[in-house]
Amino acid sequence: MTILHAVMAPADAGVVQDMREVDVYDLPASLSDDVTGVHLAGDVDQEFLVEHREALSEFVSHGGRVMVNGHVQRIFLDGLVRWRKLDFRTPADLALTRVGEHPVWAGIDPDALLYNTGMKGIIDLAERERIGVAGFYGRGCYLHLPAETLVVHTIGATAAPLDYEYPLGRGQVLVHGGNDLLQFATADRGTARMRDQLLTWLSGR
């Protein structure tokens with residue numbers, strides 16, 4: 001079984017963090033039968049992926065799994081919707097609420113994801129609120145989601161969906177509407193387990 005990590009201009013085409021790193025422009029040709037999941041970095045070329053929507057959708061429909069990071073502006077997979085920026089003023093407008101259970105976030109406190117501090121070591125919530133900056137995990141939302149969608153997190157008082165999963169044929173698509181999810185899987189946040197949980201999900205074809 002192979003998990004692909006599609007990025008722009010990879011430094012190494014080898015295995016990085018248990019995923020085989022591939023240039024996004026090589027992704028369509030890399031979807032071999034042994035690939036169970038694809039992890040798309042948030043900055044990949046969506047215009048290029050649109051040209052290969054049929055192949056990507058077929059991969060998922062046949063049982064594959066795709067993790068989409070970032071702000072979707074081009075519909076490159078069946079069922080995706082476009083990201084919308086929120087009008088926010090304070091961190092409270094970006095607060096996360098867990099509304100659905102998902103194995104990738106099992107045991108993860110949403111409060112641990114909200115703030116970036118730039119500091120090493122475990123910092124309690126009160127200190128993160130005092131010195132941290134919100135908005136990296138999410139500052140927008142996705143509306144008009146496909147039928148049978150599981151919403152994992154909503155954002156702010158609007159309770160608009162930020163993280164969600166939906167079925168496509170025999171496969172699944174998982175969408176996170178912010179900076180790459182793995183950036184938030186760290187020991188300092190107490191969220192390191194999220195990395196292995198994501199890999200397990202991506203291997204579940």
Side-chain angles (χ1 to χ4, degrees), residues 1-8 10 13 15-84 99-106 138 140-154 160-182 185 194-205:
M1 296 186 298
T2 301
I3 299 171
L4 302 180
H5 181 203
V7 299
M8 299 293 288
V15 175
V16 180
Q17 294 188 333
D18 296 321
M19 296 186 283
R20 181 158 65 86
E21 200 164 89
V22 297
D23 193 305
V24 69
Y25 300 115
D26 296 327
L27 177 61
S30 301
L31 295 174
S32 56
D33 291 341
D34 68 320
V35 174
T36 61
V38 175
H39 181 269
L40 294 174
D43 63 348
V44 294
D45 185 345
Q46 296 183 23
E47 295 284 3
F48 171 78
L49 292 178
V50 166
E51 298 173 9
H52 299 276
R53 173 174 172 171
E54 182 176 352
L56 292 171
S57 298
E58 184 175 285
F59 166 75
V60 179
S61 294
H62 289 173
R65 295 186 171 189
V66 172
M67 168 80 198
V68 178
N69 289 283
H71 304 159
V72 174
Q73 295 299 321
R74 300 291 182 268
I75 306 305
F76 55 83
L77 262 174
D78 293 352
L80 284 181
V81 297
R82 288 180 176 82
W83 177 85
R84 301 184 182 195
V99 296
E101 296 302 322
H102 191 281
V104 169
W105 288 272
C141 64
Y142 291 102
L143 304 176
H144 310 300
L145 300 177
E148 301 181 47
T149 292
L150 168 67
V151 177
V152 181
H153 292 118
T154 60
L162 173 66
D163 299 320
Y164 67 96
E165 178 190 84
Y166 67 92
L168 180 57
R170 300 200 308 270
Q172 300 284 334
V173 178
L174 183 61
V175 179
H176 163 59
N179 285 14
D180 288 7
L181 188 63
L182 288 177
M194 190 162 58
R195 174 186 170 277
D196 287 341
Q197 290 171 180
L198 176 58
L199 292 174
T200 298
W201 183 86
L202 285 166
S203 66
R205 179 170 185 167

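Here the structure is a predicted model, which means the values were calculated and not measured.
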| message | Within this structure, what is the CE-CZ distance for the pair Met8 and Phe48, rounded to the nearest 0.5 Å? | response | 9.5 Å
| task | Sequence neighbours left out, what passes salt bridge (charged side-chain N to carboxylate O under 4.0 Å, His left out) with Glu148? Give chain and number order. | result | none
| N/O donor-acceptor pair under 3.5 Å between Asn69 side chain and Leu181 backbone | yes
| query | Looking only at atom types and distance, does a side-chain atom of Gln73 sit under 3.5 Å from a main-chain N or O of Gln46, one as donor and one as acceptor? | reply | no
| said: A side-chain contact here means heavy atoms from C-beta on lying under 4.5 Å apart; do Val38 and Leu56 qualify? | reply: no
| request: For the residue pair Glu21 and Val7, establish whether any side-chain heavy-atom pair is separated by less than 4.5 Å. | output: yes
| request: Please determine, by modelled atom types, if Asp163 and His176 share a side-chain donor-acceptor pair under 3.5 angstrom. | output: yes
| message | A side-chain contact here means heavy atoms from C-beta on lying under 4.5 Å apart; do Val68 and Phe76 qualify? | response | yes
| note | Here the gap from His102 atom NE2 to His153 atom NE2, rounded to the nearest 0.5 Å, amounts to 10.5 Å
| note | Rounded to the nearest 0.5 Å, the CZ atom of Arg82 sits from the NE2 atom of His71 at a distance of 15.0 Å
Could you pull out every donor-acceptor pair under 3.5 Å between side chains of residues 22-29 and any protein atom, sequence neighbours left out?
| from | atom 1 | to | atom 2 | distance (Å) |
| --- | --- | --- | --- | --- |
| Asp23 | OD1 | Tyr25 | N | 2.9 |
| Tyr25 | OH | Asp45 | OD2 | 2.8 |

| field | Pairwise side-chain contact, Tyr166 with Leu77, heavy-atom cut-off 4.5 Å (strictly under) | value | yes
| note | side-chain contact (heavy atoms from CB on, under 4.5 Å) filter on Pro103, not counting sequence neighbours, yields Trp201
| field | Test log, rule side chain to side chain contact (heavy atoms under 4.5 Å, CB included), inputs His39 and Leu182 | value | CA-CA 10 Å; His39 181 269; Leu182 288 177; 4.0 Å; yes
| said: The criterion is side-chain contact (heavy atoms from CB on, under 4.5 Å); which residues satisfy it with Asp78, sequence neighbours excluded? | reply: Arg53, Ser57, Leu168
| said: Keeping Arg65 on the side-chain end and Leu202 on the backbone end, is there a donor-acceptor pair under 3.5 Å? | reply: no
| Hey, does Val151 have a side-chain heavy atom less than 4.5 Å from the side chain of Tyr142? | no
| message | I want to check something: taking the side chain as every heavy atom from C-beta on, are Val104 and Glu165 in contact at a cut-off of under 4.5 Å? | response | no
| message | As an exercise, state the distance from CG of Leu31 to OG1 of Thr2, rounded to the nearest 0.5 Å. | response | 11.0 Å
| task | Give a yes or no on whether the backbone of Ile3 and the side-chain of Arg20 come within a donor-acceptor separation of less than 3.5 Å. | result | no
| said: Taking the side chain as everything from C-beta on, heavy atoms only, tell me whether Leu198 gets closer than 4.5 Å to Met194. | reply: no
| Shortest non-hydrogen contact from Tyr164 to Val81? | OH-CG2, 3.8 Å
| query | Can you name the side-chain contact (heavy atoms from CB on, under 4.5 Å) partners of Glu101, sequence neighbours left out? | reply | Arg98
| message | So, using side-chain contact (heavy atoms from CB on, under 4.5 Å) as the criterion, who are the partners of Arg84 when residues are at least two apart? | response | Cys141, Leu143, His144
| task | Report yes if the side chains of Pro161 and Leu145 come closer than 4.5 Å at any heavy-atom pair, otherwise no. | result | yes
